[in-house]
Amino acid sequence: RSIYRILISGYVRAGLINLAIQTFNEMIDSGCRVFGIDYNRFIGVLVREHYFDMAEHYYRMMMSQGFSLSSFTYSRFISGLCKMKKLDSIQKLLEDMDKINAVPDIWAYNIYLNLLCNEIRLDMALEVFETMKKKGRNPDTVTYTTIINGLCKAQRFQTLVGIWHEMMKVGFCPDNVACGTLIFGLCKHGKVDLAYVLLMGMVKGQIQLSSSVFNALVSGFCRVGRVDKAQAIVSFMRRNGCKPDIVTYNTLLNYCCSELMLVEAEKLIEKMERNGIRPDRYTYNQLIKGFCRANQLDKAYSLMINKMEVEGLCDVVSCNTLIAALCRTRRMGMAYKLFEEMDRKGVKPDVITFSTLINGFFREGHADLAEELFDQMLGSGLVPDAVVYTTMIDHLCKTGRIELARSFFIDMIEKGIPPD
RNA sequence: CGACGUGAUUUUGGCAA
């Protein structure tokens, strides 16, 4: 046994995992007694190397012999399985831990909670959240942030407010990450007034709120069309010692550009430059969008060529924005020319570029060109997404080519892209 | 033996419309 142990640990240290596995198997077959500690160490290694199926196999083996893992190894095991989203395996491990009165560490809990929240198993997450408290494993700021994020996603706002206050009552002062999660999550669902109230409650707190937290709120108010309020928040952050940054300006600018307020947009640019902030590619791309919406494609194009390209800021978004505008105004020839130009500029087209063009050609009745582009996209190694498939399927259906549409649908599922 | 984990804010594409 000692010799096997030495061999295995040597192989592990040398990174020769397969040899270690082979040796471990020999150890089992040799008839010498294999102890819980051997399984523990070995499973620990397998988990670290992401050999989860194998780890589960040996885990079952050791369990049937009446052994169990240390809570350290259990915690690592659970964390690892979270990455693989193996919910029932995790469930089983938690039950087994419970039987021996072991409690997962805070890391394992947080990772598990995050998985549950992302899989929209919110109720289960809340259960686990309660369980961990009962077991004496107290939530930390990360735990709360994770739960808040989940509650926002599930739009459970009343519960959210409750937990937010519970957190402070327990004595946790939320950090900027937690505040950002809260504000962003609420704003994403249009709950801007609630976000505002809760944030104001934080202003007097111990932490200096970061500009990104404010920016999230500014963006929220812009999106629901309440610019006045957005502006007020910008003044507020200034008064509270938090300088508006490039993102703040870009957020306001985006609103102007979406609403065709180009004069306002110009003013904003001047203002930001006066404050010593240089426009970045977001700034320019938003301006391009503004010009496009105002039907000034020539201005948009010259901005891209004369400003962005000179500063090395021209990117795929700039091109996509222009191509979309050209498609919308039925100038497919020019759209395609710009597409070809991207290659010369060294800007790689992405899935969005292709969807835009495909949609444009279909609308103009050039199904052949659209289909060619789809193949070209696959050929260039781009990974298609649900949008580009929907575009294809939609047009094929609407032009009566149901069977072909169906084959695209099957194709997309086979590629592991879930239809929405 | 302690790896791995949480939100971060602003720009471009389809259908449902």
Side-chain angles (χ1 to χ4, degrees), chain A residues 9 12 40-41 44-45 47-50 70 72-73 75-76 78-80 82-83 105-115 117-118 140-150 152-153 174-185 187-188 210-220 222-223 245-255 257-258 280-290 292 315-325 327-328 349-360 362-363 385-395 397-398 419-420:
Chain A
S9 80
V12 168
N40 251 285
R41 287 182 182 161
V45 170
V47 168
R48 196 180 56 209
E49 301 296 324
H50 294 205
S70 68
F72 173 73
T73 310
S75 296
R76 286 188 59 150
I78 291 171
S79 307
C82 285
K83 242 180 265 171
D105 64 20
I106 189 71
W107 304 77
Y109 266 125
N110 286 345
I111 294 169
Y112 182 43
L113 284 174
N114 188 43
L115 172 66
C117 289
N118 285 333
D140 62 6
T141 313
V142 174
T143 318
Y144 276 108
T145 306
T146 305
I147 292 289
I148 287 162
N149 186 32
C152 286
K153 258 192 212 152
D175 59 5
N176 271 306
V177 176
C179 291
T181 306
L182 176 79
I183 301 303
F184 179 66
C187 287
K188 198 158 57 186
S210 72
S211 58
S212 53
V213 175
F214 285 111
N215 289 343
L217 194 56
V218 172
S219 160
C222 283
R223 249 184 313 214
D245 60 12
I246 178 88
V247 176
T248 318
Y249 285 105
N250 284 344
T251 305
L252 293 171
L253 182 71
N254 181 47
Y255 176 82
C257 290
S258 301
D280 63 2
R281 54 180 89 230
Y282 283 81
T283 318
Y284 287 127
N285 284 337
Q286 285 165 163
L287 277 173
I288 287 181
K289 179 182 68 173
C292 286
D315 64 8
V316 65
V317 175
S318 331
C319 297
N320 287 348
T321 309
L322 265 160
I323 289 173
C327 289
R328 247 181 269 123
D350 61 9
V351 183
I352 296 184
T353 320
F354 281 100
S355 334
T356 310
L357 285 165
I358 288 170
N359 188 41
F362 265 128
R363 270 200 341 206
D385 62 7
V387 173
V388 73
Y389 269 108
T390 307
T391 309
M392 294 298 297
I393 293 169
D394 177 50
H395 283 103
C397 283
K398 284 177 178 161
D420 61 9

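None of these values were measured; they are calculated from a predicted model. Numbers restart at 1 for each chain; the letters A, B, ... are given by sequence-line order, proteins then strands.
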_Pair A/Val218, A/Val247 - check side chain to side chain contact (heavy atoms under 4.5 Å, CB included), show working._
CA-CA 10 Å; A/Val218 172; A/Val247 176; over 6 Å; no
Let's see if you can work this out: which of [options] has an atom nearest to the side-chain heavy atoms of [X]?
X	options	result
A/Thr146	B/U6, B/G14, B/U10	B/U6
A/Asn320	B/U6, B/U11, B/U12	B/U12
A/Ala324	B/G13, B/U6, B/U9	B/G13
A/Phe184	B/U10, B/G14, B/G2	B/U10
A/Thr321	B/U12, B/G13, B/G5	B/U12
A/Asn254	B/G13, B/C4, B/U10	B/U10
A/Asn114	B/G5, B/C1, B/U10	B/G5
A/Asp394	B/G14, B/U6, B/U12	B/G14
A/Ser79	B/U10, B/A3, B/U12	B/A3
A/Trp107	B/G13, B/G5, B/G7	B/G5

Quickly work out the [X] [atom1] to [N] [atom2] distance and round it to whole Å.
X	N	atom1	atom2	result
A/Lys188	B/A8	NZ	C1'	11 Å
A/Arg328	B/G13	CZ	P	6 Å
A/Tyr255	B/U10	OH	P	17 Å
A/Ile111	B/A3	CD1	P	12 Å
A/Asn149	B/G5	CG	P	16 Å
A/Lys153	B/A8	NZ	C1'	13 Å
A/Leu113	B/C4	CG	P	20 Å
A/Asn359	B/A17	CG	C1'	14 Å

*asked:* In the structure I gave you, are the side-chain heavy atoms of A/Leu113 and A/Thr143 within less than 4.5 Å of one another anywhere?
replied: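 Yes, their side chains come closer than 4.5 Å.
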*So do A/Arg76 and A/Asp105 actually touch side chain to side chain, heavy atoms under 4.5 Å?*
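Not touching, per the 4.5 Å side-chain cut-off.
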Do [X] and [Y] have side-chain atoms, one donor and one acceptor, less than 3.5 Å apart?
X	Y	answer
A/Asn254	A/Thr251	no
A/Asn215	A/Asn250	no
A/Asp394	A/Thr391	no

_Under 5.5 Å centre to centre and under 30° between planes: does that hold for A/Tyr282 and the six-membered base ring of B/U11?_
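Stack criterion not met.
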_Just to be sure I understand the rule, does A/Thr251 reach a base, reach only the sugar-phosphate, or reach nothing, if contact means heavy atoms closer than 4.0 Å?_
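Here A/Thr251 touches the backbone only, sparing every base.
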Check: [N] base within 3.5 Å donor-acceptor of [X] side chain:
X	N	answer
A/Ser355	B/G13	yes
A/Asp385	B/G14	no
A/Thr390	B/G14	yes

*Between A/Lys398 and B/A16, does any side-chain N or O lie under 4.0 Å from OP1 or OP2?*
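Result: yes.
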